[in-house]
Amino acid sequence: QVQLVESGGGLVQAGGSLRLSCAASGRTFSRYTMGWFRQAPGKEREFVAGNRWIGPSTYYADSVKGRFTISRDNAKNTVYLQMVSLKPEDTAVYYCAARTLGADVTNAQEYDYWGQGTQVTVSS
């Protein structure tokens, strides 16, 4: 079992920055593919960024490419999502997810473990 705990969400003005963190339990974190997803009110959950434990390793949704950066620190069992140039349309609950097997980093259904989510609100 893997437990994921997100932190770092909050309220920020458009153009601002936030860094989300996701701390994972478990001794094999380095072999998990990690993903960030988000869900806005009335919308489906969507892929934001993913980091595969083996290369090529990072993937981004087109809507966040160039503004968001996913990274991981295997020594700390933590994955991060650095968000800059935030826009009101980035407002959502952001979820961290982990999986061991799967082919499509962007597919939420392939992830085995999920965090509780952290709210990000970007005001205009």
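All values reported here derive from a predicted model rather than from experimental measurement.
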N/O donor-acceptor pairs under 3.5 Å from side chains in residues 12-20, not counting sequence neighbours:
none

Donor-acceptor pairs are to be reported for all side-chain atoms of residues 86-93 against protein atoms at under 3.5 Å, with residues two or more places apart or in another chain.
from	atom 1	to	atom 2	distance (Å)
Asp90	OD1	Arg38	NH1	2.9
Asp90	OD1	Arg67	NH2	3.0
Asp90	OD2	Arg67	NH1	2.8
Asp90	OD2	Arg67	NH2	3.4
Asp90	OD2	Lys87	N	2.8
Thr91	OG1	Pro88	O	2.9
Thr91	OG1	Val122	N	2.9
Thr91	OG1	Val122	O	3.4

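Going from atom CD of Glu44 over to atom CD of Glu46 covers 10.0 Å, rounded to the nearest 0.5 Å. The line from CG of Asn51 to OG1 of Thr69 is 11.5 Å long, rounded to the nearest 0.5 Å. Interatomic distance, CD of Gln39 versus CD of Gln119, reported as 11.0 Å (0.5 Å rounding).
Criterion: ILVMFWY side-chain heavy atoms under 4.5 Å apart, direct or through other members. Under it, Tyr113 and Met34 are part of a common hydrophobic cluster. Val105 and Leu81 fall into different hydrophobic clusters, where Ile, Leu, Val, Met, Phe, Trp and Tyr are joined by side-chain heavy atoms under 4.5 Å apart, directly or via other members.
The shortest heavy-atom contact between Phe29 and Asp73 is CE2-O, 4.1 Å. Minimum interatomic distance between Gly9 and Val120 (heavy atoms only, all atoms of both residues): CA-CG2, 4.2 Å. Closest approach of Val2 and Ala24 over heavy atoms only: CG1-CB, 4.3 Å. Between Trp114 and Ala108, the shortest heavy-atom contact is CZ2-O, 3.5 Å. Closest approach of Ser30 and Trp53 over heavy atoms only: O-CB, 3.0 Å. Contact between Ala23 and Thr78 at its shortest, heavy atoms only, is CA-OG1, 4.1 Å.
In this structure a side-chain-to-backbone donor-acceptor pair under 3.5 Å is missing from Tyr111 to Thr33.
For Lys65, the salt bridge (charged side-chain N to carboxylate O under 4.0 Å, His left out) partners at least two apart in sequence or on another chain are Asp62. For Gln116, the side chain to side chain contact (heavy atoms under 4.5 Å, CB included) partners at least two apart in sequence or on another chain are Val5, Glu6. When the ring-ring contact (aromatic ring centres under 6.0 Å, His included) test is applied to Phe47, the partners found at least two apart in sequence or on another chain are Phe37. A search for side chain to side chain contact (heavy atoms under 4.5 Å, CB included) contacts involving Ser7 returns Ser21, not counting sequence neighbours.
Pairs passing the salt bridge (charged side-chain N to carboxylate O under 4.0 Å, His left out) check and including a residue from residues 74-83, sequence neighbours excluded, do not occur. Residue pairs satisfying the side-chain hydrogen bond (donor to acceptor under 3.5 Å, both in side chains) criterion with at least one member in residues 98-107, sequence neighbours excluded, are listed as follows: Arg99-Glu110, Asp104-Thr106. Residue pairs meeting the ring-ring contact (aromatic ring centres under 6.0 Å, His included) criterion with at least one member in residues 71-104: none, sequence neighbours excluded. Listed by first and then second residue, the disulfide (SG to SG under 2.5 Å) pairs involving residues 63-93 amount to none (not counting sequence neighbours).
Residues Met83 and Trp36 are not in side-chain contact: their nearest non-hydrogen atoms beyond the backbone lie 4.5 Å or more apart.
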Tyr60/Ile70 under side-chain contact (heavy atoms from CB on, under 4.5 Å): CA gap, chis, key distance, verdict: CA-CA 9 Å; Tyr60 296 96; Ile70 186 171; 3.5 Å; yes
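Cluster partners of Leu11: none. The rule joins Ile, Leu, Val, Met, Phe, Trp and Tyr whenever side-chain heavy atoms lie under 4.5 Å apart, and it links nothing here. Taking Ile, Leu, Val, Met, Phe, Trp and Tyr as members and joining any whose side-chain heavy atoms lie under 4.5 Å apart, directly or through other members, Val84 forms no hydrophobic cluster with any other residue.
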